[in-house]
Each structure stands twice: as C-alpha cells, then as structure tokens.
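Read through the structure below, which is laid out as structure tokens, and then see the notes.
Hydrogens, waters and symmetry mates are skipped; everything else that's a heavy atom, side chains included, is used. Chain naming here is simple, since letters A, B, ... match the order of the sequence lines and numbering starts at 1 in each. In this text, all values refer to a predicted model and were calculated from it rather than measured experimentally.
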Number of protein chains: 2
Amino acid sequence: MDESSLKPGDRDFVSALASGLEVLQVFDAEHPRMTLSEVAAQANMDRAKARRFVLTLHALGFVKRVGRQFELTPKVLQLGYAYQASNQYRAVIEQFLGDITAELGESSSLGVLDGQDVVYVVRSAARHRLMAITLSVGTRLPAVYTSMGRVLLSQLPDTELDSFLDSAELTPFTPYAIKSVAPLKEEILKARSQGFAIVDQELDSGLRSVAVPVYTSRNVLLGALNISTNAARVDMETLMTVYLPRLQDVAARVRAIAQ
Amino acid sequence: MDESSLKPGDRDFVSALASGLEVLQVFDAEHPRMTLSEVAAQANMDRAKARRFVLTLHALGFVKRVGRQFELTPKVLQLGYAYQASNQYRAVIEQFLGDITAELGESSSLGVLDGQDVVYVVRSAARHRLMAITLSVGTRLPAVYTSMGRVLLSQLPDTELDSFLDSAELTPFTPYAIKSVAPLKEEILKARSQGFAIVDQELDSGLRSVAVPVYTSRNVLLGALNISTNAARVDMETLMTVYLPRLQDVAARVRAIAQ
DNA sequence: TCAGCTTGTTCGTATTACGAACATCCGTGC
DNA sequence: GCACGGATGTTCGTAATACGAACAAGCTGA
C-alpha cells in the first residue's frame, strides 16, 4: 500500500465521510450548540448538505436536537473510547498523576504528539486553584510552545525533528514565546540532553510547566508527563528541585511496570 | 422539523457517513488495531468499502498505519472534546470528585443517561486499589444495573420511565442482578423517594456503588454522581453513613454554583 | 397583520461510492 | 528456491447516492 495518503478528490477518498466528520468537529467550546444554518456557516458548507449530515448524526445518536438547535450527545465520547482503552497503562499512569496532584497540589498530564500538536490523553487536575487551567482529555495545544511538546520533539530522530521544524508555524502567544526556529531547536536539543523540558510563560502568561518523556521497559515512548504551575506561585528552583524529580520518579515507576 | 429521526434508506440519510462512523467504532478495547480485512469483517462490510473508509480516516488523521494494520490516533479524542468542553461545570465537578477520592480513597464519577446506557463523563479514579475498576471517560454501562443509571431513571417523568422500562433489556450480569421489570421499577421508585440509589453486586461481583442526582440551581439535571467501592471492604453501613452524605454534600455544592 | 429573514424540505441529476474482478504480496510446505 | 493458496491491495464500469437550486414553512419585529 502506498505510504502517502490519498487526497480529497481521489477515487478512494469518501468525501461524504470527510464532510460529516467536519460537521461533527465544528461543534467546539465556542459553539456547543447551533442551528442548522450556523453549522453550515461554521463548516463553510451548503445548508442542505449540512442538514443531511446533522440529521444523519442525529439519527445515529451523536447529536441531539433542542428546539431549532443541535448539540452533541455523550455518545461522541465513544468515538474516542477505543483509543483510551487501547492504552493499557492509562489507568496506572492516571493513578500516578493523581498522586502528584495529591502531593503537590498541581495539575499533571500525559500527552502525546499528533501532527503539530500535543494532545492531552490523561489528566489529573489540581483542586482549589483560582487561576484555572481549563483543559480536558482531547485538548490540543501547539507542540512547540508546550513542555510536553518540546520533550516529545526531543525524542524524535534528527531527520524527523528537522522535517517537523521545517514545516512548524511559530505563532507566539506571549511576549516570552520563541519566535524563530533556531532558538526553538536549541531548546529542543537542550531538552534532549537534559532529559526534560521547561516552558515558561510561552503558551500563556503565568503558565509554567515542566515535562519528561515516559518510556516502557522496552524503550517504547508512551508520551510525556508534565506538571503545570502558576509562575507567580512556583519559582524556578522549586520546579527544578521538587517538581521535576517527582516527574522523573513517576516516569521511572511507569517504566518499571510497562512493557 | 419532524421529531422522528430519519432512517437508513431515507433520502436525507447519508449512508457513507454512517458507514464511516461504523468503521471508526469497530476499533474497540478488544480490537485496538486491525488489518483492512479485519476491519471489514468486524464492520460486516465489503472489503473494498472498508478500505475506502479506512484510507479516508487515515488521510484525515484519525487512523494511522502500522505495517498492514491500522489503529486510532489521539486525534479521535478531539471528536469528543466539544462535548466535554460544553459542560461548563465539568472542571469544578472534577475537582469535587477528586476531593472525594482523596478523602475516601474510592473512585467517583459523573455519568449521564444516553439511550439504554450510562456514559461516564467525568471520572476520578482511586489509587492503589488491587481490585481495579477499569473504566474511562466514554465508557458505557447498562443504566438498569448501575447506581447512576437507576438514580437518573428515577428522575424521569413517569411516562418516560415506563417507556424506557417497556423496551429495557434485562440481561443479568451476576446472580444478584434484578431479572424482571417489576422489581426494577420498585428499585427506581425507591431511588426516587430516597433521593439516592445503591446497586450491590448486580453489575459485577464485589462491585458496590451509591449514586445521587446532581442539579443546577435552576433545577436542570446535570447527571448523577457516584462512588464505586468493593463490597468486601466497605459495608453497607459505611456506604450509607459516610459515602452517601459525602455525595450529597458535593451535589449540594455543585447546585450552589451551577446555574 | 405583514414582510422579510431564517429555517425546513424536495427532487432532478451530476457525481460519488459501490463491489466484482483483477493484481500483488506473503507465508508455508515441499 | 519455488509454487501455491490465502490475504491484502487496487481498479473501474455503473448503480445509487449525495448535491444544491428552488420551493415551503416558520418566526420575529415593526
């Protein structure tokens, strides 16, 4: 089978499926419920076409109707379930992350690389934080501006890393954010030699995080573990001397059990 | 717009989307990765057809190829993200559930009704439990055999409850499980009058759980909160005198903040 | 009440998805 | 090493499916 993906317009590309998934994905945090016309506008699609997809998703149970508006049903969670269930170490990682949160009072996550983004796969949220970090499983953030992304990129072979950096779009979120490829690559190579990555207020002001890679005992990369903190509360020294060793401890314990 | 859903074969039903989603859903805990032929067999679909859908999902980034096999990518988590993000009280409920887990050392969840099932929407897993309860967000379990399901059913109007029970399939999982509709309805009505439901070893041997409904201050049902325990470790009295009040406390606190 | 805008729906047909059949690959046994 | 059979990969004629222009119905504000 040819390695390169087929494209829209190819005979084997089912454009109706692509359009239907496009419709499913226009429901987002900003648009949790919409009329048919709003769906069509968001999806940049003919109204009659959007109608068919919404009605089909409704018939399949993925969308429900409230008056003239539509919104997703919990059945959509099932679409991600197999991915979650296929990670056999997910439950134990969740437990370890919960330990971190219980002990340090910080949010902690497992993320994986997906295209240009990091996707949150497991998450243990800190409690009683006024400065809320609003993330959930499935959230995607640009890899280049997250500690997890940087540490995962550092584990790529050079050719893959260079290829990634060639096509990386650097759109700074804060004044602190890296703006060009050369310093970014330095940070990634630094993460490689250190075995961890710290990102300080590059994704959002006040957001400081540290991440380490987590491997199985057979050296298969499971993802990156991180702790997210508030820069006003946690200084760099605490991050390095308390939080990082904690992460490294968890990564080692996962490695000891994960084949 | 007609309230009754359209059916396969109707002109407005996009069968290609339905088939594509069917293919996406044959990846499950038992079949996390499959060849094209295996996908076709699981989906009960012509091989060439399954190929087109798998190739399209691959082109869209939802599926990746490993040799001759295909598996889901973390991008599928994005399909559920909007549902999660649209629940504006999710983060705070997650925090409260985390408190329960920290305090009692038990798993705690928020679930909602979806068809005949309860779907886990928020989950805080207990740590260091040898008797593992393997669930994740997106997991579906039969409403009639779960405490959350029973308590959610108890909040339905009578006509809806009777309609649900008319079509309910009772397939007992354990010797303790209710086998017919009359005693089930009694349990549900009991849950309605008590304001909570307890299910004891009906879903799985050793699994004991208690659930309460959680409402907003405007009396909109958000779902059910539960605590799952091991019957060998937690007796009924502790469940009633320690765990249940804890749940009711959380439900009240959610109500106080949730509009 | 009426007009204008939005939402809901229909149906002729262009285009798309279908599957039978052919092509290629891989693993096993001699 | 080679042949064979089964599994996997792909093509292409065409049946049928999805498309969108246009009509129908509903809603809201003046």
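Using a 4.0 Å cut-off, some side-chain N or O of A:Ser37 falls inside it from OP1 or OP2 of C:dT7.
Spacing between atom CE of A:Met45 and atom P of D:dG20 amounts to 9 Å, rounded to whole angstrom units. Atom CZ of B:Arg68 is separated from atom C1' of C:dC26 by 6 Å (rounded to the nearest Å). Straight-line distance from the NZ atom of A:Lys7 to the C1' atom of C:dT16: 18 Å, rounded to whole Å. In this structure, the CG atom of B:Leu36 is 8 Å from the C1' atom of D:dG9, given to the nearest Å. Atom CD of A:Gln69 and atom P of D:dC27 are 14 Å apart (whole Å).
The main-chain N or O of B:Gly138 is never found under 3.5 Å from a side-chain atom of B:Arg123 such that the two would form a donor-acceptor pair. Between the side chain of A:Tyr83 and the backbone N or O of B:Glu71 there is no donor-acceptor pair closer than 3.5 Å.
The side-chain contact (heavy atoms from CB on, under 4.5 Å) check on A:Ser37 picks up A:Thr35, A:Arg47, with sequence neighbours excluded. For the side chain to side chain donor-acceptor pair (under 3.5 Å) test, no residue two or more places apart in sequence or in another chain qualifies with A:Arg52.
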Working for salt bridge (charged side-chain N to carboxylate O under 4.0 Å, His left out), residues B:Asp114 and A:Lys64: CA-CA 11 Å; B:Asp114 191 37; A:Lys64 74 180 169 187; over 6 Å; no
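Map A:Thr35 and A:Asp12 each onto its nearest nucleotide of DNA chain C; the residue landing nearer the 5' end is A:Thr35.
One can find a donor-acceptor pair under 3.5 Å joining the base of D:dG20 and the side-chain atoms of A:Arg52.
For B:Asp46, the side-chain atoms get nearest to C:dG19 when compared with the rest of D:dA18, C:dG19, D:dT8.
When the shell of 6.0 Å around CG of A:Asp166 is examined, it contains more than 12 heavy atoms from other residues, nucleotides or ligands.
If you check every strand for non-hydrogen atoms under 4.0 Å, A:Ser15 touches sugar and phosphate atoms only.
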Protein-nucleotides 21-23 of chain C N/O pairs under 3.5 Å:
none

